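The structure displayed is predicted, hence computed values, not measured ones.
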Amino acid sequence: FEPNMAAMLRWPSRFALLSALLCLCVHADVYMHHPRGSNNRLNERSANRDNANRLFDSQNNNRGGYNKGDRTDNAFQTYADQYHMLHFMSDANFNITGRKSILGIEWTNQHGCGGNELGDPHKLNCEIIIQYMCQSEDNAWDATRDDCTRECFIPTDANPSCVNTNAPPCPIADMNQTGCTNAGYIWAPAQFFDSNNCPHRCDGNPTNANSTTQCAGTWVRHTGNTGPWPRYRDGLTTTRQGYTEPNNNQLTPADDLNRKDQDVTLELALHESWDYYDQCYRRERNQGLFTADQNLQRNNLGYSSAIFTRQNPNNNRRGYECPEERDYYPYWHPSPWKDIVIMTDRLDLCPFYQSESQNVKGKNMCFNTDRCTNCIRYNNKAACEANNGAWKMVAAHGIPPPECIQAPWSRVNHLGNGRHGEPNSYNWTLPYIVDKMFSTQRCVVRLRYNMSTDDYDAWRVNASFNNNDGQGIRSPVRQNPNVDIGAANQALRLAINTAQFGRTFQDRSHVFRMAPRPTATSGRPSRLAAGQPANFFDGCKTLYNLNVRGKRGNIVQTFPAVEYDFYPNQLHLTTDDCVHVQWTGSNTHNNGNPAGDGQAGDAGEGRGGTDRHNFVEMNFVFDESFPIPAERLSMMSNITDAYDPSGRYDNIDNQCFCAQCASLAAAQRPACYAKCWNSVRESWALRMATVGYYDTMDCSATTNFAVNDLSSGRDRLNNLLDNAFASYAGGVFKFSRGTYHYMCTRNNNFSNRDQKGKLLVA
């Protein structure tokens, strides 16, 4: 960053003060309800989370958040037992084709937001920044590079070879050679994370080998013999990943690998990488920032680095998150996070925010060289080059700038709905992220909420305003000051914590999966006779995700999380659109003690601690509580096309209902296909009602489970869904025109909870 930008390129210093009357103990939390925000939870049976430092710094109350989803009716013990929500991407050219996918993001923030200084003033200022990061599930792994002399680049139109030094640099893909070439990217000589910046070690000759081909001995991998490991993972325990602080400025890449090898383990959660935090630990902090009267500490190398900020002066490490990047936006060094939207009460700042986003602007950092083994310490070009480091620009992410919009209004001191009686939300148009292998991506969404007031001009303050008694400089805000109220010899003390004046809160989703829309849909029952395309997604324009929010318990027990509901619970679409109905739940939402400052307990139906959902049709009014019988189905009988994300049902439907149609005479096929399709629709109604416990009503011709087939030896479905799975991939559907209502039979306890929804197809 440029030194004269220090007063501009920040977020928390834009914040002035919170209200002078704000009590020190108040939490101004933010909780994401869809996708399910973790608030650093994993699988706790208690109302309180176990470890607030597990992955990220939320600054939130310990009670908030939702557990990771279970794939079956038992609590997960392995990664295979966890359920990752699956969402389909938009098309590559969705702005032209109209084939986009929408995922709603919903949250509550405690201390208000929205409004503007001109016509709708609020008690505070705020920004909400929503971001994501994704890595290929097939090609990107948490592993040691096989060759530190080369790295993987994503080609761009401006630099298709990625070796043209006169063109903007290509984005880096954190992959080994095999994954890189499989993805169709470019494996080329390293430009950034070369042998001086890539943790590696060769045990044998030569000891200075920089790749497996150069190493005649053992090329050490931090994953040992159990790798490769998934890059983004939610973990199996609530313990935080380790970090061994460097003890000198002369560490070699082999020393770095040794530290990484003992710090990172497969069983623990991972978002940002160890390498990313190590760079943050060793990079000097931005000395131009306003820190009020906070005393920021020094790291183990003797200087104050980017792990120390006004909000985190003592480095309370949270996962591998970089505190300086967390607290400031737009950040001036490279970040793995990609911007979705900026919500602000200062729309005049949108051009600045958008132009500084790493979506469109490369970010600089100092890299180590043969002559300088800790040059990642330096945060500006002059110091970097004066110490023989390499000052380089890491490429922009190469995606459009984030949307910048007016922040939605919410009430101060209220974790509830917005101005119009609905929770605040944002509809994210899912991106198109694709490589040659059409890989599914593992992704995480992050929501940050910053709050401030106008007690001083926060856009003008910088380090020159920091408190310095020796030079007679008084910070505009000081810790717990006594103020003169005009009465003789009488002062009153304000509860002010300068580490929290201009404060940032955060929540993140659990890991979910994002997949390209399939280009061919094989095995599905023939719909050609009804005019439907052979590929389901060719006829699917806007794809909406209809999921479930909330967790088990009543309103007091779940708070500050929420009770069950469909999300969105009212959805408008057209006959050309599709809706993916899917949900996830946990078997450990017992909400037991310790419960902090709230109530323990898990009021609800069925087995304690378990989330269960289903999807059954109601009558034509919203204020009833009974599903309609199968013979009167309207919504499921009006499915015009369906797609099975799990791949389980297509062959079942073909073998049970449709296989014989192709062998009939041409004149007989339409009637056969019509009968086939009616059976398929009836089966989908059954699957959604029983969480996939039953596949069909009575066909046992394959290995499926039918209601009237007891030969499998399975128990009947429990009437409260106790033996159904907590999560279900559901189906993607198109419907004919109509207004449809649906409910969950288990979570519709009159006067206590109400899980219903409405679908309007025009």
Might you work through the side-chain hydrogen bond (donor to acceptor under 3.5 Å, both in side chains) test for Y331 and E324, ending with a clear yes or no?
CA-CA 8 Å; Y331 193 47; E324 190 177 69; 2.7 Å; yes
Could you pull out the closest heavy-atom pair between [X] and [Y], with the gap in Å?
{"X": "N591", "Y": "T558", "answer": "ND2-N, 4.5 Å"}
{"X": "R310", "Y": "P313", "answer": "O-CD, 3.6 Å"}
{"X": "R41", "Y": "E44", "answer": "NH2-O, 3.0 Å"}
{"X": "P645", "Y": "F88", "answer": "CB-CZ, 4.3 Å"}
{"X": "N545", "Y": "L103", "answer": "CB-CD1, 4.0 Å"}
{"X": "L759", "Y": "L573", "answer": "CD1-CD2, 3.4 Å"}

F512-H84 aromatic ring centre distance below 6.0 Å
no
Distance flag, aromatic centroids of W428 and Y132, threshold under 6.0 Å:
yes
Dump the intermediate steps for side-chain hydrogen bond (donor to acceptor under 3.5 Å, both in side chains) on S58 and R49, then the final yes or no.
CA-CA 12 Å; S58 74; R49 61 189 172 190; 3.0 Å; yes
As an exercise, state the distance from [atom1] of [X] to [atom2] of [Y], rounded to the nearest 0.5 Å.
{"X": "K338", "Y": "C443", "atom1": "NZ", "atom2": "SG", "answer": "9.0 Å"}
{"X": "D507", "Y": "F56", "atom1": "CG", "atom2": "CZ", "answer": "5.0 Å"}
{"X": "L447", "Y": "F505", "atom1": "CG", "atom2": "CZ", "answer": "12.5 Å"}
{"X": "Y320", "Y": "E272", "atom1": "OH", "atom2": "CD", "answer": "11.0 Å"}
{"X": "M85", "Y": "T584", "atom1": "CE", "atom2": "OG1", "answer": "6.5 Å"}
{"X": "S425", "Y": "H33", "atom1": "OG", "atom2": "NE2", "answer": "11.5 Å"}

Is a side-chain donor-acceptor pair under 3.5 Å present for [Y] with [X]?
{"X": "R446", "Y": "Q131", "answer": "yes"}
{"X": "Y449", "Y": "D29", "answer": "no"}
{"X": "H589", "Y": "D602", "answer": "no"}
{"X": "T610", "Y": "R746", "answer": "yes"}
{"X": "Q582", "Y": "Y83", "answer": "yes"}
{"X": "S410", "Y": "N109", "answer": "yes"}
{"X": "T238", "Y": "N51", "answer": "no"}
{"X": "H87", "Y": "R513", "answer": "no"}
{"X": "N43", "Y": "N67", "answer": "no"}
{"X": "Q479", "Y": "T498", "answer": "yes"}
{"X": "Q755", "Y": "H613", "answer": "yes"}
{"X": "E106", "Y": "Y426", "answer": "no"}
{"X": "Q311", "Y": "R503", "answer": "no"}

For [X] and [Y], indicate whether the former's side chain and the latter's backbone hold a donor-acceptor pair under 3.5 Å.
{"X": "N590", "Y": "R45", "result": "no"}
{"X": "R233", "Y": "L268", "result": "yes"}
{"X": "T344", "Y": "L347", "result": "no"}

Take F566 and Y742 through the test ring pair (Phe, Tyr, Trp, His ring centres under 6.0 Å) and record every step on the way to the result.
CA-CA 10 Å; F566 290 104; Y742 51 90; 5.0 Å; yes
Could [X] and [Y] be called an ion pair, given the rule that one side-chain N must be under 4.0 Å from one carboxylate O?
{"X": "D577", "Y": "K541", "value": "no"}
{"X": "R552", "Y": "D611", "value": "no"}
{"X": "E321", "Y": "R508", "value": "yes"}
{"X": "D327", "Y": "R448", "value": "no"}

E563/N554 under side-chain hydrogen bond (donor to acceptor under 3.5 Å, both in side chains): CA gap, chis, key distance, verdict:
CA-CA 6 Å; E563 294 183 90; N554 63 37; over 6 Å; no
Tell me, with the steps shown, if R607 and D722 meet salt bridge (charged side-chain N to carboxylate O under 4.0 Å, His left out).
CA-CA 6 Å; R607 177 158 53 100; D722 283 349; 5.0 Å; no
Using the side-chain hydrogen bond (donor to acceptor under 3.5 Å, both in side chains) rule, take H111 and N413 through it: C-alpha gap first, then chi angles, then the decisive distance, then the call.
CA-CA 5 Å; H111 266 286; N413 289 338; 3.1 Å; yes
